[in-house]
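Take a look at the structure set out below.
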Amino acid sequence: MAYSTKEQGHLKSELDNIKKDGIFKEERIICAPQDSEIEVIFPSGTEEKNVINMCSNNYLGLSSHPEIVEAARKGLDHRGYGMSSVRFICGTQDIHKELEDKLTKFLGTEDTILFPSCMDANAGVFEAFMNEEDVMIADRLVHASIVDGMRLAKAMTDTYKHSNMDHLEKKLILHEDKRLKLIVTDGAFSMDGDLAKLDKIVELAEKYNALVFVDDSHSSGFIGKTGRGTHEHFDVVGKIDIITTTLGKALGGASGGCVSGRKEIVEMCRQKARPYLFSNSIAPVIVAASNKVIDIVSSSTERRDKLEVNTKFWRKGLIDAGFIIKDGETPIVPVMLFNAKLSQDFAKDLYSEGIYAIGFFFPVVAKGQARIRTQLSAAHDMTHLEKALAAFIKVGKKYDILNKTKEEIIGKYGN
Amino acid sequence: MSGIKEVILDYIKEEYLEDEDMELDFSSPLITGGIVDSFSMVSLKRFLETKYKIQIPDAKATPDAFDSVDNILVLLKEFNVV
Ligand SMILES: Cc1ncc(COP(=O)(O)O)c(C=O)c1O
């Protein structure tokens with residue numbers, strides 16, 4: 001056995017370093033279906049506690065919705081449990097094709113290919129159709145899965161300052177001679193909750209003959225007046241060449257992702273994207289339930305409208321109470337605390353008050369930008385939000401950060 | 001003509017700083033200071049390669065080697081640029 005005390009020592013000291021840096025991640029154990037209220041055990045060994053969930057991506061409240069659970073059950077009865085195959089051998093059922101078609105229609109694109117996750121979609125898509133003659137120009141705050149996907153591709157990588165259109169334009173000029181130029185961005189950025197300026201991005205793409213890639217994982221199902229995503233919000237449906245998104249957040253929350261867009265690009269993914277070719281097909285249960293999800297979000301805006309009302313209430317409530325939040329309109333609402341330790345202490349106190357939210361700090365967000373990220377859901381009722389707001393205010397008073405400027409908070413706690 | 005250090009510092013300010021007034025000098029930590037991340041470091045590497053007509057192998061383009069203008073100068077010395 002080669003795993004001797006030496007090897008073990010290396011890894012143990014690396015793990016100790018992670019702990020020393022204060023970035024050691026621990027799981028909280030949920031003893032309930034995903035919902036606005038959940039039973040949680042944390043820290044391990046303590047009593048189960050009922051808390052209001054302010055940190056899930058269950059934006060539309062569909063994760064445990066009875067109609068979705070029922071659709072999953074039917075899928076299980078009619079199409080079985082697993083496929084035991086990748087898509088192109090014997091892993092494609094009629095319901096997989098149905099889901100791809102429904103997503104194409106919902107997103108307003110030409111074609112769609114499913115992946116085991118959006119992480120996989122992002123890992124596979126760039127390599128599948130770009131090569132050394134091409135360049136990918138990404139917003140600096142794109143999701144880690146996009147960074148990984150770009151690293152796997154042979155095309156040249158470049159980046160532009162977050163949402164800085166002048167900088168993007170400079171980069172497009174710098175790379176004018178490339179065969180394909182691809183602008184790469186998230187639709188909604190998951191840490192700040194801001195939207196990419198897709199109208200401006202499309203304008204620049206047209207001016208400089210570039211393609212546009214958008215990861216709409218934090219938008220699909222609820223951004224835009226019928227919830228199609230950021231391209232609907234900015235009125236550029238049909239102008240985004242590649243959309244990747246996940247079924248693991250608003251759209252049911254189980255798992256799965258896709259690449260949707262120009263049909264030749266989707267076809268290249270079917271021929272060459274490695275996570276599609278070499279990883280198992282999405283389970284029939286999930287596919288059947290996802291078909292139901294797309295039916296629900298295509299036929300009614302009721303859930304995204306409720307989410308919008310909740311978001312407005314929450315943003316206004318926090319601002320009126322004197323918190324500093326990141327401006328925006330998405331249900332991702334970061335409450336700024338600037339100091340890393342304060343964000344951890346604040347989250348702990350919220351938890352004692354029955355509110356479950358997470359503090360984020362460097363290196364997940366920039367230095368001096370520590371925050372509690374809250375996320376709204378259509379599963380929240382006003383009573384949940386009122387209770388959560390009262391808890392935020394109570395803890396905010398304890399740390400004396402209400403109605404204080406950024407400088408005052410940093411002055412008190414450091415950054 | 002300004003020296004190599006100034007040229008590199010100017011590039012870094014223009015390419016990476018959101019806030020133009022932010023203080024940055026030759027010893028400011030770039031990577032560990034959260035100004036340049038490993039993802040966006042590529043443009044700095046390419047700038048140095050194009051400007052000084054060198055090829056920096058990936059093994060040498062470490063976060064440590066790029067962590068300050070001073071460190072970058074040490075790296076460039078290996079390529080006889082300075
Ligand atoms: C922007 C973005 N893209 C992709 C993903 C990954 O999605 P999935 O969970 O389907 O792999 C996430 C999830 O964290 C995300 O936030």
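Numbered from 1 within each chain, the chains take letters A, B, ... in sequence-line order.
B:Pro29 meets the side chain to side chain contact (heavy atoms under 4.5 Å, CB included) test with B:Thr32, B:Asp67; sequence neighbours excluded. For B:Asp64, the side chain to side chain contact (heavy atoms under 4.5 Å, CB included) test picks out B:Thr62, B:Asn71, with sequence neighbours left out. Take A:Leu152 and apply the side chain to side chain contact (heavy atoms under 4.5 Å, CB included) test, not counting sequence neighbours, and it matches A:Ala123.
Taking the side chain as every heavy atom from C-beta outward, A:Arg140 and B:Glu18 never approach each other to under 4.5 Å. At a threshold of 4.5 Å between non-hydrogen side-chain atoms, the residues A:Lys161 and B:Tyr16 do not count as touching.
Within 6.0 Å of the CZ atom in A:Arg274, the count of heavy atoms belonging to other residues, nucleotides or ligands does not exceed 12. Other residues, nucleotides and ligands contribute more than 12 heavy atoms inside 6.0 Å of the CG atom of B:Asp25.
Heavy-atom neighbours of chain A within the stretch residues 37-61 of chain B, taken at a separation under 4.5 angstrom, comprise B:Asp37, B:Ser38, B:Phe39, B:Ser40, B:Val42, B:Ser43, B:Arg46.
Remark: A:Lys170 engages B:Glu14 in a salt bridge, criterion side-chain N to carboxylate O under 4.0 Å.
For chain B, no part of A:Asp148 is nearby; none of its heavy atoms comes within less than 4.5 Å.
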